[in-house]
Amino acid sequence: MESVNIKKLAQLLGLSIATVSKALRDSYDISKETKEKVVNLARELNYQPNPHASSLRRHSSKTIAVIIPEIANNYFTLVIDGIESVVQEKGYHVMIYLTHEDASREIAFARTLHNGRVDGALISVSGTGNDFSHFRELQAKGLPMVFFDRVVEDFDTIKVTTDDFESAYLATTHLIEKGCRHIAHLGISKNLSIGKKRLNGYLKALNDHDIPVNEALLANCVNDNVKDFELIRELFVQHKVDGVFASVERYAIVAYEVCRALRLSIPDDVKVIGFSNLQTASLLNPSLSTITQPAFDMGKEAVTMLLKALEKKNFQLKDENIVIKSSLTQRESTMLRD
């Protein structure tokens, strides 16, 4: 369908472009009757204002949208800290949108951004969606976007990630070197690029060490602690498990709870390692071995790239992958004890 702009609305209504524009802005000098005619036709024809053009007229909203799946995960808290460390110096504000892993909420948030209330967006996608046309529509409208952590691989913009494949390989190899041969993979959604990369890193480590892949040890967690507890408990009851690689931090914590419920000792019976930015990882009993992501730096890098696109005329958000490496920290949960 042909896109509808203010000029088209003005032609159909027999009004001037200035009148239609004022009516849409609810200007005081336009009659109620005219406003209703304009708004009704705009709604009927699904008129969407061009946020880029609006931004040029008002110069800038000095606001950046940050769309993330959750805030309880300490990783995203640190990302936001990294973002705010940059935007505060530049005089921008941050507007946080939480999808709670709900693709429909993500779509709804994207639609609210059509009104030009923000200058750009930083996005980490929901794990339940696989159609990202809502973001493509935003990009077509001229809104600058940068993806981080959970990215859309084939999206033509900058994407800031960590070395997910290599880190998962490193974590799994660490468990193997500690004597584990029956390693459970607690996986995040396969719709996400990080889920695929972390799974592939795990599989490559098993293959390189001549350990057969047991499909029964690949658990597809659902980000619901109660359901994930039952899923992981059933896995432990039904199969021999001597190692756990958790692709996100909350799954590692649930694995601890399952081991406690089944009276399994960590690390004597089961060794556990996971992606985590928990500041309390060293305080857990036993302390948790982690792949620690550079969350603060990732947030800082993502917003720095976005601000370059907003403030530098010749800077384009071209397809580019910026990878910031994670690190492995060994603690008690993977130690060998005499």
Side-chain angles (χ1 to χ4, degrees), residues 69-70 73 75 101 103 124-130 132 147-155 159-178 180-224 227-229 231-232 234-236 238-255 258 270-277 288-293 295 298 321 323-328 333-334:
E70 58 181 333
N73 186 327
Y75 166 80
E101 298 287 14
S124 190
V125 300
S126 162
T128 59
N130 52 23
F132 301 104
F147 288 93
F148 66 92
D149 189 48
R150 301 172 172 207
V151 306
V152 183
E153 292 285 359
D154 61 349
F155 208 97
K159 295 169 278 286
V160 181
T161 63
T162 190
D163 52 344
D164 293 292
F165 176 90
E166 293 81 1
S167 293
Y169 182 93
L170 182 63
T172 308
T173 298
H174 176 70
L175 290 173
I176 294 170
E177 290 174 346
K178 297 301 179 180
C180 300
R181 290 297 180 271
H182 307 281
I183 302 171
H185 175 272
L186 308 183
I188 197 170
S189 171
K190 293 181 180 179
N191 291 333
L192 297 171
S193 60
I194 62 169
K196 296 173 185 176
K197 290 178 180 179
R198 293 176 187 182
L199 174 60
N200 288 337
Y202 159 89
L203 295 174
K204 181 69 163 54
L206 294 184
N207 182 68
D208 286 355
H209 292 84
D210 298 318
I211 298 176
V213 176
N214 183 349
E215 297 284 343
L217 298 184
L218 306 182
N220 296 317
C221 297
V222 295
N223 271 9
D224 180 305
K227 292 180 180 178
D228 286 338
F229 179 93
L231 176 69
I232 298 169
E234 188 67 18
L235 186 152
F236 274 62
Q238 295 292 330
H239 305 279
K240 177 179 174 57
V241 176
D242 58 12
V244 170
F245 166 51
S247 62
V248 295
E249 63 188 24
R250 68 190 301 167
Y251 303 159
I253 300 304
V254 176
V258 169
V270 181
K271 293 177 173 55
V272 181
I273 189 170
F275 276 82
S276 178
N277 287 85
L288 175 65
S289 294
T290 60
I291 295 292
T292 304
Q293 298 164 274
M298 290 171 70
N321 292 301
V323 178
I324 306 176
K325 289 188 176 183
S326 295
S327 60
L328 188 154
S333 67
T334 57

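Values below: every heavy atom of this structure, side chains too, minus hydrogens, waters and symmetry copies. For reference, positions follow the sequence shown, starting with 1.
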Exercise. Would you please classify the geometry between the Phe245 ring and the Tyr202 ring as parallel, tilted or perpendicular, with 30° and 60° separating the classes?
Key: parallel
Exercise. Show the numbers, then the answer: is there a side chain to side chain contact (heavy atoms under 4.5 Å, CB included) between Ile176 and Arg181?
Key: CA-CA 6 Å; Ile176 294 170; Arg181 290 297 180 271; 3.5 Å; yes
Are the side chain of [X] and the backbone N or O of [Y] linked by a donor-acceptor pair below 3.5 Å?
| X | Y | value |
| --- | --- | --- |
| Ser124 | Asp149 | no |
| Ser326 | Thr162 | no |
| Glu70 | Glu101 | no |
| Asn277 | Gln293 | yes |
| Asn207 | Leu203 | no |

Practice problem: With side chain to side chain contact (heavy atoms under 4.5 Å, CB included) as the test, would you mind laying out the steps for Leu175 and Ile273 before giving the verdict? | Solution: CA-CA 8 Å; Leu175 290 173; Ile273 189 170; 3.7 Å; yes
What are the two closest heavy atoms between [X] and [Y], and how far apart are they?
| X | Y | answer |
| --- | --- | --- |
| Leu235 | Ala216 | CD1-O, 3.8 Å |
| Asn191 | Gly129 | CB-O, 3.6 Å |
| Val241 | Gly243 | CG1-O, 3.3 Å |
| Cys180 | Ile211 | O-CD1, 4.2 Å |
| Ala252 | Ala246 | N-CB, 3.5 Å |
| Lys240 | Leu217 | O-CD2, 4.2 Å |

Quiz prompt | Check against side chain to side chain contact (heavy atoms under 4.5 Å, CB included), Asn214 and His182 | solution = CA-CA 8 Å; Asn214 183 349; His182 307 281; 5.8 Å; no
Practice problem: Report yes or no: do Thr334 and His174 form a side-chain donor-acceptor pair below 3.5 Å? | Solution: yes
Quiz prompt | Sequence-distant partners of Thr128, side chain to side chain donor-acceptor pair (under 3.5 Å), two or more places apart | solution = Ser126
Quiz item: Less than 4.0 Å between a side-chain N and a carboxylate O, is that true for Lys196 and Glu153?
Solution: no
Practice problem: Would you confirm whether the ring centroid of Phe132 sits within less than 6.0 angstrom of the ring centroid of Phe155? | Solution: no
Practice problem: Determine, stepwise, if the pair Asn223 / Tyr251 fulfils side-chain hydrogen bond (donor to acceptor under 3.5 Å, both in side chains). | Solution: CA-CA 8 Å; Asn223 271 9; Tyr251 303 159; 2.6 Å; yes
Quick one, [X] and [Y] - any side-chain contact, counting heavy atoms below 4.5 Å?
| X | Y | result |
| --- | --- | --- |
| Asp242 | Val270 | no |
| Leu199 | Leu218 | yes |
| Phe148 | Ile324 | no |
| Ile194 | Thr161 | no |

Quiz prompt | Result of checking Phe165, Phe275, Tyr169 against Arg198 for side chain to side chain contact (heavy atoms under 4.5 Å, CB included) | solution = Phe275
Quiz prompt | Value rounded to 0.5 Å, distance of NZ in Lys204 from OG1 in Thr172 | solution = 12.0 Å
